[in-house]
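Accompanying notes for the structure given below.
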Amino acid sequence: MDKNKLPRREREKLLHREEILEAALSLFSSKGFHNVSMKDIANESEFGVGTLYNFFDSKELLFIELMKVGIEKIGQLLIPILDSNQQEQEKLSEFIRVHVDMIEGNIELIKLYISQYGMSTSVSPMLKDILNLKIIVAAKLESLIKAGIQKQIFRRVHPEIVALSLRATLEAFVFECFANFNKTKVKKKLSRIEEFFLNALLTKKQIVNQNNLI
């Protein structure tokens with residue numbers, strides 16, 4: 001949706017909504033969901049409490065919308081890589097590497113999620129968008145690995161198990177490093193994850209070709 005093509009009042013409404021969500025995310029991530037009231041969010045966003053309720057019927061629905069917006073943002077980062085026309089090895093590498101940008105751009109969202117649900121990778125039934133993204137990414141990763149096997153880029157492994165292992169590794173990594181985010185260190189660790197999975201997946205011929213390019 002091109003916001004610039006919307007009528008002025010609609011653009012203003014969208015802007016106010018974004019400002020409310022931004023204020024709520026900042027407060028929820030710093031103070032905790034249960035320690036923040038709609039009045040606090042109104043004060044932070046410089047709107048009246050009544051205005052907040054015009055946009056969101058409750059604090060709980062505001063929280064769900066925050067998560068939905070955040071998940072859409074993450075999906076827009078990850079999915080195009082998996083859908084690209086690059087070789088499977090390159091797509092897998094880029095998918096792993098882009099997690100540094102995903103963490104950096106969503107630290108408050110990750111902090112909020114963990115404060116609500118802990119380090120568990122299970123998803124609340126209320127957050128269907130997170131579950132849907134997990135399902136989509138899992139399917140696309142599995143298809144990527146299957147394609148790599150068919151092209152003899154990857155060894156004959158179990159695609160579902162490898163996709164699950166990679167997702168679990170990256171999720172655990174995100175939870176581990178978001179609190180004390182250091183971009184240089186995160187890049188270095190992601191590089192090790194990339195090296196580990198590629199060494200496990202690539203055929204001997206592909207490893208030789210890769211070494212010859214270095």
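Each residue takes its place number in the sequence, starting with 1.
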For K13 and F55, which heavy atoms make the closest approach, and how far apart are they? O-CE2, 3.4 Å

CG (N180) with more than 12 external heavy atoms under 6.0 Å: no

If every non-hydrogen atom of I136 is compared with every non-hydrogen atom of I79, which pair is closest and at what distance? CG2-CD1, 3.6 Å

Same cluster (ILVMFWY, side-chain, under 4.5 Å), F196 and V174: yes

Would you kindly check if the NZ (Lys) or CZ (Arg) of K189 is within the cone defined by 45 degrees around the ring axis of F173 and under 6.0 Å from the six-membered ring centre? no

Closest heavy-atom pair, L109 versus L66, reported as atoms and distance to 0.1 Å, is CD1-O, 3.9 Å

Hey, is CD on E22 packed in by over 12 heavy atoms from elsewhere, all under 6.0 Å? no

Smallest heavy-atom separation, G70 atom then N106 atom, equals O-OD1, 4.4 Å

Looking only at non-hydrogen atoms, find the nearest pair between S45 and A23 and report the distance. CB-CB, 3.7 Å

Can you find a side-chain donor-acceptor pair between S37 and D40 that sits under 3.5 Å? yes

Check L52 against A42 and note the closest heavy-atom contact, atom names and distance. CD2-N, 3.6 Å

Is there a donor in the side chain of E194 and an acceptor in the side chain of S93, or the other way round, less than 3.5 Å apart? yes

